[in-house]
2 protein chains.
Amino acid sequence: MDKQPELCRVEDALNILVGKWKPIILLVLLQEGTKRFSDLKRRVPGITQKMLTNQLRELEEEDIITRKVYPQVPPKVEYSITEYGKTLEPILIAMHEWGTAHTIHKMKKAQQQSHQPS
Amino acid sequence: MDKQPELCRVEDALNILVGKWKPIILLVLLQEGTKRFSDLKRRVPGITQKMLTNQLRELEEEDIITRKVYPQVPPKVEYSITEYGKTLEPILIAMHEWGTAHTIHKMKKAQQQSHQPS
DNA sequence: TCCAATAGTATCATTATGTATACTATGATA
DNA sequence: TATCATAGTATACATAATGATACTATTGGA
């Protein structure tokens, strides 16, 4: 009856980390602290306003970041990691390390193949 | 000039872990060992043959799993985690634990909101 | 001769995700 | 009065990911 739902909890972490832009947004906020919208946009080259807004809203919805609006003109909005969001840091770092090692792994594999053609 | 490429290595781990089905496929293979195609299909409810094939091919391409074909009729193909693939286990487990905690976090939040309506 | 079983492909439809571009509000400043 | 800046929203469009369904090859057995 019960289809091993416990195996699928990984998805919950994944859904927060994925989206082409979330990891880098989170790493920037973790490593560099609170940032305003336009600073984030500059810090994440290539992202469109729509996607940045979109990803920030999703992260806010999950309590990973907070959004603070200053009632000024021109507008000022600051985004920060929450304490809860900081609990993701070990995963982010583990993934970052694995990702780096994996990039090297792939380079080595590609080299071997160029030395030993089929 | 250089746009902090090191921040994006997370993506490499992510690209292997994501796809709606990869985490559960990997967890099944890690926890239950070698499995044939049809067993995996049964073990991952809801996946289509196309997606299972697709995800397995991508994992194989990255050296995370191996594919062993037995020249029989009807065909028999076995999939296993590689030693290299096993290096993903800590991340998978960390994500699984975080995901479980996060599910609880969301439940509590939902409860609070039902007790304190706006 | 026809069917069953396994491990797939092939084709098309649907959704999700991402991009491009234009547009808005406000008040300070030129 | 026109222009700038910020933090968006709205709209249309393009591409990629996923899903549903039907189909294939092989050969031992009914």
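Lettering of chains follows the sequences in order, A, B, ..., and the numbering in each one begins at 1. In this text, all values refer to a predicted model and were calculated from it rather than measured experimentally.
- Closest non-hydrogen pair, A/V18 versus A/Q55, comes out as O-OE1, 4.3 Å.
- A/L17 is listed as a side-chain neighbour of A/L26, based on a closest heavy-atom distance under 4.5 Å.
- Under 4.0 angstrom from either OP1 or OP2 of C/dT9 there lies at least one side-chain N or O belonging to B/R57.
- In summary, of the residues considered (A/R36, A/K41, A/R42, A/K35), a salt bridge (charged side-chain N to carboxylate O under 4.0 Å, His left out) with A/D39 occurs for A/R42 alone.
- For B/K50 against C/dT9, a side-chain-to-base donor-acceptor contact under 3.5 Å is absent.
- C/dA20 atom P lies 12 Å from atom CD1 of A/I47, rounded to whole Å.
- Residues B/I93 and B/E97 have side chains in contact (heavy-atom distance under 4.5 Å, counting atoms from C-beta outward).
- For the OP1/OP2 pair of C/dA7 and a distance below 4.0 Å, the side-chain nitrogens and oxygens of B/R36 include at least one atom meeting the criterion.
- Contacts of residues 71-81 of chain A with DNA chain D (heavy atom under 4.0 Å): A/P74, A/P75, A/K76, A/V77, A/Y79.
- Scanning DNA chain D 5' to 3' for nucleotides with an atom closer than 4.0 angstrom to a non-hydrogen atom of chain B gives a first and last hit of D/dT18 to D/dT27.
- No contact: A/K41 has no heavy atom under 4.0 Å from any strand.
- You'll find the side chain of A/L14 reaches within 4.5 Å of the side chain of B/M95, heavy atoms only.
- Side-chain contact check for B/L88 versus B/I81: every heavy-atom pair is 4.5 Å or farther apart.
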Open item on the list: Show, in sequence, the C-alpha distance, side-chain angles and deciding distance for A/F37 and A/L56, and conclude whether the side-chain contact (heavy atoms from CB on, under 4.5 Å) test is met.
Closed with: CA-CA 9 Å; A/F37 186 87; A/L56 289 171; 3.9 Å; yes
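- Between B/Y84 and A/H102, the ring planes are parallel. Angles under 30° get that label, and only those over 60° would be called perpendicular.
- For the pair A/T48 and C/dG18, the criterion of a side-chain N or O lying under 4.0 Å from OP1 or OP2 is not met.
- Between B/Q49 and B/N54, the residue whose closest nucleotide on DNA chain D is further toward the 5' end is B/N54.
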